[in-house]
*Asks:* 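For reference, the structure I am asking about is given below.
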Amino acid sequence: MPELPEVQTIVDVLNAAGLPGNRITAVFVHWPKTVATCCTPETFSRRLTGKAILAVRRRGKYIIFELSENFWLLIHLRMTGRLELAALTGQINRHVHVIMNLDDGRRLIFQDTRKFGRFYLTPDPASVIGSLGPEPLDSNFSAKLLTKRLEGRRRQIKPLLLDQSFLAGLGNIYVDEALWLARIHPLRSAHTLTSKEVLSLHRAIRSVLRQAIRNAGTSLGRGKGNFISPKSEQGHNKNQLKVFRLTGQACKRCGHLIERIVVAQRSTHICVKCQL
DNA sequence: AAGAATGTTACATG
DNA sequence: ACATGTAACATTCT
């Protein structure tokens, strides 16, 4: 579920809600595996308690909490992870795996139905995010850089774009959308893209991501895996999707029907008439 | 109603 | 390097 735009939305909401400046007063872990990348739940709670949140940022699909005493908490939501900002009182459902109490009387709740989400508490964030590829919305992610990174790569373009060490932040939704916008077929071998197509892909990736951020993310339905912000708001980017989960509908560019194929075990949506 | 599919990633294997 | 399969899980879809 959460790709770059959704994670950015979460970070923006947390910042707007005044999370930085808070101190963490208590931590409860209900599913040890969530924090196991660092240590036992007890150690995790002990290390985190008392730390102040200095800043909240994003890198790829990671939410990054810069903490006092040179510690960092990185959270990857994987498929169904959610952060919710809530009052100290209130019901805790069975999908809540981590709770962080804050000294302003609120708490940050991590829930994750499929339990794939992971916390990383470390003095060395590079050990977690050091191998990520460039940030697609950074000014240093130029068409030139994309061209260079594509050079000599023979993988299919879709799995390559999903590879976080190639480019950080894209997931299944926005890769399909970007490839449609750039009119590139997902099975194309990366090195066969013309320079014109690479230019087009570069623009498409940035355009699709920026639009989704403007729309506060893509919420697809009302199911448990659906995107919802820490303030429990849905994103409204679904209306902007051109191919993702639109199998059987007319392509907005040429009218040909959208088809679904499987690429690298991921469901993939394309217009075979305009994506070549 | 059983079985398949699901937006992510790490890891193993050829 | 790259493709492919599997596993981590629970819910929803068919």
Side-chain angles (χ1 to χ4, degrees), chain A residues 1-10 30-38 58-63 74-83 93-98 110-120 127-133 149-180 186-192 208-209 212 215-229 234-235 237-238 240-248 260-270:
Chain A
M1 160 186 74
E3 306 179 29
L4 187 152
E6 289 74 35
V7 177
Q8 186 64 56
T9 300
I10 290 165
H30 295 161
W31 181 257
K33 271 192 178 179
T34 301
V35 305
T37 52
C38 135
R58 179 192 62 75
R59 172 80 169 97
K61 300 177 191 175
Y62 288 84
I63 302 163
L74 292 84
I75 301 179
H76 197 300
L77 301 170
R78 294 282 184 97
M79 292 184 74
T80 55
R82 280 181 188 173
L83 285 180
N93 73 44
R94 67 198 171 100
H95 299 302
V96 170
H97 308 314
V98 182
F110 174 73
Q111 24 189 342
D112 186 3
T113 51
R114 290 181 71 178
K115 299 176 174 170
F116 294 164
R118 291 294 178 261
F119 282 43
Y120 305 81
S127 64
V128 180
I129 54 174
S131 59
L132 288 179
R149 292 182 71 80
L150 247 15
E151 258 168 35
R153 304 301 298 260
R154 308 184 82 84
R155 285 176 84 179
Q156 297 164 338
I157 189 66
K158 169 156 179 174
L160 187 57
L161 292 175
L162 285 171
D163 185 337
Q164 302 298 299
S165 65
F166 179 79
L167 185 62
L170 291 178
N172 213 25
I173 297 177
Y174 299 110
V175 165
D176 277 10
E177 292 297 314
L179 287 172
W180 178 86
L187 290 175
R188 286 275 296 284
S189 175
H191 76 290
T192 69
V208 157
L209 293 177
N215 290 323
T218 300
S219 300
L220 290 168
R222 283 171 358 282
K224 301 253 166 135
N226 192 38
F227 171 66
I228 186 166
S229 84
Q234 304 229 353
N237 194 59
K238 189 186 174 189
Q240 303 303 324
L241 300 183
K242 303 299 192 292
V243 282
F244 191 80
R245 293 224 184 145
L246 294 175
T247 311
R260 176 186 175 277
I261 61 174
V262 174
V263 179
Q265 286 97 246
R266 315 294 303 280
S267 94
T268 298
H269 312 78
I270 50 171

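Note on naming: letters A, B, ... go to the chains in the order of the sequence lines (proteins, then strands), and numbering restarts at 1 for each one.
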*Asks:* Is a side-chain N or O of Asn237(A) found less than 3.5 angstrom from the main chain of Gly217(A), in a donor-acceptor match?
*Replies:* no
*Asks:* Taking any heavy-atom pair under 4.0 Å as a contact, classify Arg153(A): base, sugar-phosphate, or nothing.
*Replies:* sugar-phosphate
*Asks:* Using atom P in both nucleotides, what's the gap between dT12(C) and dT9(B) to the nearest angstrom?
*Replies:* 22 Å
*Asks:* Report the distance from atom CZ of Arg94(A) to atom P of dC9(C), rounded to the nearest whole Å.
*Replies:* 15 Å
*Asks:* Between the side chains of Ser127(A) and Tyr120(A), does any donor sit under 3.5 Å from an acceptor?
*Replies:* no
*Asks:* Taking CD1 from Ile228(A) and C1' from dG7(B), how many angstroms apart are they, rounded to a whole number?
*Replies:* 16 Å
*Asks:* Rounded to the nearest angstrom, tell me the gap between atom CZ in Phe227(A) and atom P in dT8(B).
*Replies:* 13 Å
*Asks:* Roughly, in whole Å, what's the span from CG in Asp176(A) to P in dG7(B)?
*Replies:* 9 Å
*Asks:* Starting at atom CG of Leu170(A), determine the distance to atom P of dT8(B), rounded to an integer number of angstrom.
*Replies:* 10 Å
*Asks:* Just checking Lys238(A): does its NZ atom have more than 12 heavy atoms from other residues, nucleotides or ligands closer to it than 6.0 angstrom?
*Replies:* no
*Asks:* For the residue pair Tyr174(A) and Leu4(A), establish whether any side-chain heavy-atom pair is separated by less than 4.5 Å.
*Replies:* no
*Asks:* Just the rounded figure in Å: distance from P of dA5(B) to CZ of Arg245(A).
*Replies:* 13 Å
*Asks:* For Leu150(A) and dC2(C), what is the distance between atoms CG and P respectively, to the nearest whole Å?
*Replies:* 11 Å
*Asks:* Pick the P atom in dG5(C) and in dA4(B), then give their distance to the nearest Å.
*Replies:* 16 Å
*Asks:* Tell me yes or no: between the side chains of Asn93(A) and Gln111(A), is some donor less than 3.5 Å from an acceptor?
*Replies:* yes
*Asks:* Could you tell me how far dT6(C) sits from dA5(B) if I compare only their C1' atoms? Round to whole Å.
*Replies:* 16 Å
*Asks:* Indicate, with a heavy-atom threshold strictly under 4.0 Å, whether Ser267(A) touches base, sugar-phosphate, or nothing.
*Replies:* sugar-phosphate
*Asks:* Does a side-chain heavy-atom distance below 4.5 Å link Phe166(A) with Leu161(A)?
*Replies:* yes
*Asks:* Examine distances only and state if a side-chain atom of Lys242(A) and a backbone atom of Gln240(A) form a donor-acceptor pair shorter than 3.5 Å.
*Replies:* yes
*Asks:* Please confirm whether the shortest side-chain N or O distance from Lys61(A) to OP1 or OP2 of dT9(B) is below 4.0 Å.
*Replies:* yes
*Asks:* Quick check for you: among dC2(C), dT6(B), dT11(C), whose closest atom lies nearest to any side-chain atom of Arg260(A)?
*Replies:* dT6(B)
*Asks:* Calculate the interatomic distance between Leu74(A) atom CG and dT9(B) atom P; express it in whole Å.
*Replies:* 14 Å
*Asks:* Is there a side-chain hydrogen bond (donor to acceptor under 3.5 Å, both in side chains) between Gln164(A) and Tyr62(A) once you walk through the steps?
*Replies:* CA-CA 11 Å; Gln164(A) 302 298 299; Tyr62(A) 288 84; over 6 Å; no
*Asks:* Determine: side-chain N/O of His76(A) to OP1/OP2 of dT9(B), distance under 4.0 Å, yes or no.
*Replies:* yes
*Asks:* Using a 3.5 Å limit on both distances, find every run of at least three consecutive Watson-Crick or G-U pairs that involves DNA chain C.
*Replies:* B:2-6 with C:10-14, B:8-14 with C:2-8
*Asks:* Strictly by modelled atom types, are His97(A) and Asp112(A) linked by a side-chain donor-acceptor pair under 3.5 Å?
*Replies:* no
*Asks:* Taking all atoms of both residues into account, what is the closest heavy-atom pair of Phe227(A) and Ser219(A), and its distance?
*Replies:* O-OG, 2.8 Å
*Asks:* Identify each atom pair where a protein N or O and an N or O of nucleotides 4-8 of chain C are less than 3.5 Å apart, giving names and distance.
*Replies:*
{"residue": "dG5(C)", "atom": "N7", "partner": "Gln265(A)", "partner atom": "NE2", "Å": "3.2"}
{"residue": "dA8(C)", "atom": "O3'", "partner": "Lys33(A)", "partner atom": "NZ", "Å": "3.2"}

